[in-house]
Amino acid sequence: MGLSSIDVVQQVLFGIFLLIYMFTVVGNILIIIIVTVESKLCSPMYFFLRNLSLTEIFYISVTVPRMLKDLLDHDKCISFIECATQLYFFCFLGTTECFTLAIMAYDRYVAICSPLLYTSIMTRTLCLRFVIGTFLSAILLSIGQITFVFSLPFCGLNKIDHFFCDLLPVVNLICADTYTNEITILLYGFLVIFTPFVLILVSYIKILAAVLNLSSSAEQHKKALSTCVSHLTVVGIFFSTTFFIYARPKKMSQFDGNKYVSIFYSILIPLLNPIIYCLRNTEVKQSMRKLLRLCY
C-alpha cells in the first residue's frame, strides 16, 4: 500500500528516496574504497566498518528499488515468493547489521580498555571468525523465521499496509492462530536486537569506566571517547527504532505509524553511515582528501 495514495505526494517521495538511495550507495562504496586502498586504515575497526558499509548497500537495496517502482506504478502487487524473498533478505541483512554493530563495540572496548593487548586480541583470524560467524548466524536465524511465517495459511485481501514486506504486517495477514508466531518473533527480536544491544551497552559502560579512571587530562579523555561517538550515534538511532517496532505488545505493534518509523532503520541508517563516519572520523576525512587529490 506504500506511504501515500496521492499521485503528487508519490512523485515527490520518489525524488526524495531516489536521491537518498543514490547517495547511500555512493557514500558506502566510497568508504569501502577508502578503507581498502588506504594502508593506514588497516585496523580491525576499519575492517568492520567496511563490512558494515557493504551490508548497508545490500540492506537498503532490498527495500528502496522496489519502493521506487511502486511509487510510479499503480499496480503494487507482489507475489508470494517475491514477498518471502524480500523479507528473508531484509531479516538476514538486518540481523547482520545488529551483530556487526555489537562486534564494533567490542572492538572499541578492547582498544580503549586493553590498548597494549589490542593487536594480540583483535587478530585478523579473530576478525574473520567474527564476520563469518555473523553471516552464518544471520542466515540460520532468518531462514528459521521466514520458513515458519510462510508455512502458515494466508487469506483475505492480502493488503500489506507498508512500503515493503516487513515481518509484522505480513504476520497480520495470517488466518491461523498467530500466538506461537508472535512468540517466535519476540524470541527472534531478543536474539537479534536485545542481545547485541546489551553487549553494546556493557561494552560502553566499561569503556566509560576505564576512561574516567585514566590519570590523564580531559583532552585525552575526549580523544579516547571520540572514536566511539560515530558508532554510538548509529547504534542509538538504529536500536531505538527497531525496539519500537519489534519489541512491543501486539496491540501497540498495529500502530498506524509503524511504516513511517521503519524508514529510520531501513533507509536513513544506511544513509547516515557514510555521513557520520566521514564527518566525525579524522582519519577517514584525511584519507578521502588524499584519494580526491590522486583522482584530480
Side-chain angles (χ1 to χ4, degrees), residues 1-5 10 13 17 20-21 24 55-56 58-71 76-98 138-139 141-176 178 180-194 196 237-271:
M1 294 177 68
L3 296 172
S4 175
S5 58
Q10 290 189 80
L13 290 175
F17 288 114
I20 289 175
Y21 181 68
T24 301
T55 302
E56 299 284 31
F58 289 109
Y59 184 53
I60 195 172
S61 297
V62 170
T63 56
V64 174
R66 170 71 202 206
M67 178 189 185
L68 293 173
K69 180 255 182 191
D70 288 338
L71 286 169
K76 295 178 172 58
C77 291
I78 185 169
S79 71
F80 185 84
I81 296 299
E82 288 173 340
C83 185
T85 303
Q86 184 185 50
L87 182 52
Y88 167 74
F89 281 104
F90 182 77
C91 289
F92 162 62
L93 292 164
T95 301
T96 302
E97 178 154 0
C98 288
I139 289 171
L141 286 169
S142 300
I143 286 177
Q145 184 64 52
I146 301 308
T147 301
F148 186 55
V149 170
F150 283 91
S151 64
L152 296 172
F154 291 84
C155 62
L157 296 176
N158 288 343
K159 288 186 177 180
I160 302 175
D161 188 13
H162 216 293
F163 59 89
F164 71 98
C165 286
D166 201 359
L167 195 56
L168 294 175
V170 170
V171 169
N172 287 336
L173 301 179
I174 294 173
C175 296
T178 59
T180 305
N181 203 278
E182 289 163 22
I183 295 299
T184 61
I185 291 173
L186 285 175
L187 186 61
Y188 178 78
F190 177 81
L191 293 172
V192 171
I193 302 172
F194 184 74
I237 300 172
F238 183 80
F239 280 96
S240 61
T241 50
T242 50
F243 270 124
F244 181 83
I245 296 295
Y246 298 108
R248 298 174 298 152
K250 183 178 179 181
K251 289 184 179 179
M252 290 183 67
S253 69
Q254 295 174 350
F255 169 58
D256 290 338
N258 278 358
K259 58 184 175 182
Y260 302 106
V261 176
S262 62
I263 290 174
F264 284 92
Y265 63 83
S266 63
I267 298 175
L268 294 185
I269 285 296
L271 168 68

Trainee: Test side chain to side chain donor-acceptor pair (under 3.5 Å) on T95 and Y188; report intermediate values, then the result.
Mentor: CA-CA 10 Å; T95 301; Y188 178 78; 2.7 Å; yes
Trainee: Measure the CD1-CD distance between I269 and E56 for me, rounded to the nearest 0.5 Å.
Mentor: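 Here the interatomic distance stands at 7.5 Å.
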Trainee: Give the minimum heavy-atom separation between L71 and L13, together with the two atoms involved.
Mentor: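 Taking L71 first and L13 second, the nearest heavy atoms are CD1-C, 3.9 Å.
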Trainee: Using the rule given for side chain to side chain contact (heavy atoms under 4.5 Å, CB included), can you reason through V149 versus V170, listing the C-alpha separation, both sets of side-chain angles and the distance that settles it, and then say yes or no?
Mentor: CA-CA 8 Å; V149 170; V170 170; 4.0 Å; yes
Trainee: Any non-hydrogen side-chain atom of F164 less than 4.5 Å from a side-chain atom of I78?
Mentor: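 A side-chain contact is absent here, since even the closest heavy-atom pair is not under 4.5 Å.
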Trainee: To the closest 0.5 Å, what do you measure between CZ (F17) and CD1 (I263)?
Mentor: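 F17 CZ to I263 CD1: 4.0 Å, rounded to 0.5 Å.
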Trainee: Looking at every heavy atom in both P270 and S266, which two are closest together, and how far apart are they?
Mentor: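 Closest heavy-atom pair between P270 and S266: CG-O, 3.9 Å.
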Trainee: Near F150 CZ, under 6.0 Å, is it more than 12 heavy atoms from other residues, nucleotides or ligands?
Mentor: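 Check passes, neighbour count above 12.
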Trainee: My understanding is that only one of H162, M67, Q10 makes a side chain to side chain contact (heavy atoms under 4.5 Å, CB included) with L3; could you say which?
Mentor: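 It is M67; the other options fail the test.
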Trainee: With a 3.5 Å distance limit and no angle check, can you tell me whether T147 reaches the backbone of G144 through a side-chain donor-acceptor pair?
Mentor: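 Not confirmed, T147 side chain does not pair with G144 backbone.
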Trainee: For residues 83-91, which side-chain donor-acceptor pairs fall under 3.5 Å, sequence neighbours excluded?
Mentor:
residue, atom, partner, partner atom, Å
T85, OG1, I81, O, 2.7
Q86, OE1, C165, N, 2.9
Q86, NE2, V62, O, 3.1

Trainee: Give, for atom SG of C77 and atom CG of N158, the distance between the pair rounded to the nearest 0.5 Å.
Mentor: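 Reported value, rounded in 0.5 Å steps: 10.0 Å.
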Trainee: Kindly give the heavy-atom pair with the smallest separation between C98 and P196, and that separation in Å.
Mentor: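 Taking C98 first and P196 second, the nearest heavy atoms are O-CB, 3.7 Å.
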Trainee: About how many Å separate OG1 of T63 and CG of D166, when rounded to the nearest 0.5 Å?
Mentor: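 Separation between the atoms: 9.5 Å.
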Trainee: Is it the case that the side chains of S61 and Y21 hold a donor-acceptor pair, with the cut-off being a distance below 3.5 Å and no angle test?
Mentor: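 Yes, because at least one side-chain N or O of Y21 sits under 3.5 Å from a partner of the opposite role on S61.
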Trainee: Do L93 and E97 have side chains that get closer than 4.5 Å, going by heavy atoms?
Mentor: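 Counting from C-beta outward, L93 and E97 never come under 4.5 Å.
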Trainee: Tell me every residue that passes ring pair (Phe, Tyr, Trp, His ring centres under 6.0 Å) with F194, counting only those two or more places apart in sequence or in another chain.
Mentor: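 Once residues adjacent in sequence are excluded, the partners of F194 under the ring pair (Phe, Tyr, Trp, His ring centres under 6.0 Å) criterion are F190.
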Trainee: With a 4.5 Å limit on heavy-atom distance, are the side chains of F92 and I139 in contact?
Mentor: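 Touching, per the 4.5 Å side-chain cut-off.
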Trainee: When rounded to the nearest 0.5 angstrom, what is the spacing between CG in N172 and CD1 in I160?
Mentor: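 Here the rounded value is 10.0 Å.
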Trainee: Considering all heavy atoms of both residues, which atom of Y59 and which atom of Y265 are nearest to each other, and what is their separation?
Mentor: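 It is CE2-O, 3.0 Å.
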Trainee: Say you draw a straight line from NZ of K159 to NZ of K76; how long is it, rounded to the nearest 0.5 Å?
Mentor: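 It comes to 11.5 Å.
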Trainee: Should I267 and F163 count as side-chain neighbours, where that means a heavy-atom distance under 4.5 Å?
Mentor: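 Result yes, sub-4.5 Å side-chain heavy-atom pair found.
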Trainee: Any heavy-atom pair between the side chains of I20 and V64 that's under 4.5 Å?
Mentor: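 Sidechains of I20 and V64: no contact.
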